[in-house]
Number of protein chains: 2
Amino acid sequence: MKAEASNLKDLRADTIESLKPRDRILKTASALFNEYGVNNIGIDRLIAESSVSKRTFYNHFPSKNEVIAAYLESKDWLRFSELDKHVSRVKGGAKAEILAIFDFLEQWFSEDDFNGCAFARGLNDFNQGDVKELRGKVDLYFEHWGDFIKTRLKALVEPDEVKILFPQLLSLITGSVIVAQGLGDVKVAALNKRIAESILTGC
Amino acid sequence: MKAEASNLKDLRADTIESLKPRDRILKTASALFNEYGVNNIGIDRLIAESSVSKRTFYNHFPSKNEVIAAYLESKDWLRFSELDKHVSRVKGGAKAEILAIFDFLEQWFSEDDFNGCAFARGLNDFNQGDVKELRGKVDLYFEHWGDFIKTRLKALVEPDEVKILFPQLLSLITGSVIVAQGLGDVKVAALNKRIAESILTGC
DNA sequence: GGGAAAGTACACAAATCTGTCTACTTTTGT
DNA sequence: ACAAAAGTAGACAGATTTGTGTACTTTCCC
């Protein structure tokens, strides 16, 4: 259940020029896919902006789906790396750690390239025949939220209560993302943190 | 602020054969766009399944974006028509009407062709240059939620409180959609109704 | 009943997209 | 130092997509 961090890196601090072709592609893909969506970015554009030849691209990623899969994997890994880092600074046990999610969200929404959640997007984009593998990455992301939240809930409440609180908390999280994106309202995370506090009172 | 119901109809009960070309296209588009997403359905497929000639299609809709716009408009209109109908049967004033949203959601999620929200999807799909008009339809949908909810909140609480409760309620609504779609959990609407009740206690 | 409006059928233009191929150059490891 | 591995540059095949053009037929309504 541990993340296979082998091939996963945080490329955000590196300049494009300093990176090897594969990572240059991934960094560029991350920016382009995030801004325009995987369906609106063609291989040609990705290659051009990665300053890589087409041959090299296809040597590293046998198909477009492969680079999308790598993108999703790295986004997933990075999101939970950051969340873990954020939460590790929090004192106050499981409850405080769950509430810290909402501070983390507000920070995320405030990034200037925030453009919604790649996985909520994937929920819609990966419904067809040849992208089932990509839909699997989306499912994994939601499972990771399950791991993160349920582990902590189990320390606080009875199993029956976990089954109620988990979907509620996940709704508050995903709802925050949609509202932040749709209304441009970054502060929604803080408002929803209050709700999370109230459904966890007594824990 | 009233919906221009002129050209908007509920086509769900009609058979494809009984409809005139334009409505046949809209009914087919609704089914295909809902299942696969607007980016994964080509004009050719839409035309073939509508049993309409290409010329006829382009006579009614000058471009693909136009048919998508019509689809979004009808979805928006239909959603709030249904919600209004649902809510009109509820006794108990503004608070009960807000809570009734969540019963409505559960009903929606239970439809066998439920596949997430076209507008949450549009939030991601319509970010590019030539689809700004479509993004406008998404914004309108969120505005309609604002109209529906804020009108009722104003009858219950002070304006300052409306600014807090509206994003929270909208998060619960949109979060329900994502969780219902992502986890296949229809019951999430009922769980989130409880939260809505609790943030409206005393109203 | 007859003419205008609407629809059919389908070829085709133009753009775009994924992925392959060829021929050449640079980098790397030992 | 030198061979193998990796990368460059760009043409091109084949599929797909949106939208137009042409020639013919059906429907509607006055």
Side-chain angles (χ1 to χ4, degrees), chain A residues 7 9 11 14-29 31-33 35-72 122 125-134, chain B residues 7 11 14-29 32-33 35-72 122 125-134:
Chain A
N7 52 342
K9 279 187 274 185
L11 304 170
D14 299 285
T15 60
I16 281 283
E17 298 79 19
S18 71
L19 294 170
K20 298 191 158 190
R22 187 173 197 280
D23 286 340
R24 229 155 58 217
I25 294 166
L26 278 177
K27 186 179 168 76
T28 308
L32 291 176
F33 288 164
E35 183 167 359
Y36 302 101
V38 297
N39 288 322
N40 297 317
I41 291 296
I43 293 290
D44 283 350
R45 171 129 184 232
L46 175 52
I47 284 167
E49 301 207 8
S50 302
S51 297
V52 144
S53 80
K54 208 162 197 177
R55 204 89 215 65
T56 300
F57 172 84
Y58 277 103
N59 280 342
H60 287 295
F61 304 98
S63 73
K64 186 184 178 183
N65 280 352
E66 299 276 337
V67 74
I68 296 174
Y71 156 72
L72 293 174
D125 283 343
F126 310 139
N127 264 334
Q128 279 192 297
D130 72 327
V131 285
K132 283 287 155 59
E133 179 207 346
L134 299 178
Chain B
N7 52 342
L11 302 171
D14 299 285
T15 61
I16 282 283
E17 299 80 17
S18 71
L19 294 170
K20 297 192 157 189
R22 186 173 198 281
D23 286 339
R24 229 154 60 217
I25 293 167
L26 278 177
K27 187 179 168 74
T28 309
L32 290 176
F33 288 163
E35 183 167 0
Y36 302 102
V38 297
N39 287 323
N40 297 317
I41 291 296
I43 293 291
D44 282 351
R45 172 132 184 228
L46 175 52
I47 283 166
E49 301 208 8
S50 301
S51 298
V52 143
S53 81
K54 205 163 198 175
R55 251 275 153 272
T56 299
F57 172 84
Y58 277 103
N59 280 342
H60 287 295
F61 303 99
S63 72
K64 186 183 178 183
N65 280 353
E66 299 277 336
V67 73
I68 296 173
Y71 156 72
L72 293 174
D125 283 344
F126 310 140
N127 264 334
Q128 280 193 297
D130 73 329
V131 286
K132 283 285 155 59
E133 180 207 345
L134 299 178

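All chains are named by letter (A, B, ...) in the order of the sequence lines, taking the proteins before the strands, and each is independently numbered beginning at 1.
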Point to revise | Interatomic distance, A:N65 CG vs C:dC17 P [rounded to whole Å] | key: 16 Å

Check your understanding: So what does A:R24 hit on the nucleic acid, given a heavy-atom distance under 4.0 Å: a base, only sugar-phosphate, or nothing?
Key -> sugar-phosphate

Check your understanding: Just by distance, do the side chain of B:R24 and the backbone of B:S51 share a donor-acceptor pair under 3.5 Å?
Key -> yes

**Study point:** A:Y58, nearest nucleotide to its side chain (from D:dT8, C:dT8, C:dT18)
**Key:** C:dT18

Practice item. Looking only at side-chain atoms of B:D44, point me to the closest of D:dT8, D:dT18, C:dT18. Key: D:dT18

Check your understanding: Considering only heavy atoms and no angle criterion, is a donor-acceptor pair shorter than 3.5 Å present between the side chain of B:K54 and the base of D:dG19?
Key -> yes

Practice item. Measure from CG on A:D130 to P on C:dC17 and round the result to the nearest Å. Key: 16 Å

Exercise for review: Check A:V67, A:L32, A:I68 against A:I41 for a side chain to side chain contact (heavy atoms under 4.5 Å, CB included) and give me the one that passes.
Suggested key: A:L32

**Study point:** Residue met sooner reading DNA chain D from 5', once B:K20 and B:F57 are mapped to nucleotides
**Key:** B:F57

Point to revise | Among C:dG19, D:dG7, D:dG21, the one nearest B:R55 by side-chain distance | key: D:dG21

Point to revise | Integer-rounded Å distance: C:dA6 C1' and B:D23 CG | key: 15 Å

Review point. Contact class for B:P21 (heavy atom, under 4.0 Å): base, sugar-phosphate, or nothing?
Key: sugar-phosphate

Review point. So, B:K27 and B:D14, do they make that salt bridge, N to O below 4.0 Å?
Key: no

Point to revise | Euclidean distance, atom CD1 of residue A:I43 to atom C1' of D:dG10 [Å, nearest integer] | key: 16 Å

Practice item. Using whole Å, report how far CD1 of A:I47 lies from P of C:dT20. Key: 12 Å

Review point. Distance check: side-chain N/O of B:H60 vs OP1/OP2 of C:dA6, anything under 4.0 Å?
Key: no

Review point. Could you give the OH-to-C1' distance, from A:Y36 to C:dC17, as a whole number of Å?
Key: 18 Å

**Study point:** Candidate nucleotides C:dG19, D:dA9, D:dT18, ranked by approach to the side chain of A:S53 - the nearest
**Key:** D:dA9

Check your understanding: Shortest non-hydrogen contact from A:D125 to B:N40?
Key -> O-ND2, 4.1 Å

Point to revise | Donor-acceptor pair, side chain of B:K54 and main chain of B:I43, under 3.5 angstrom | key: no

**Study point:** Integer-rounded Å distance: D:dT16 C1' and B:I41 CD1
**Key:** 13 Å

**Study point:** B:F61 CZ to D:dG19 C1', straight-line distance once rounded to whole Å
**Key:** 16 Å

Check your understanding: Between D:dT8, C:dT18, D:dG19, which nucleotide gets closest to the side-chain atoms of A:K64?
Key -> C:dT18

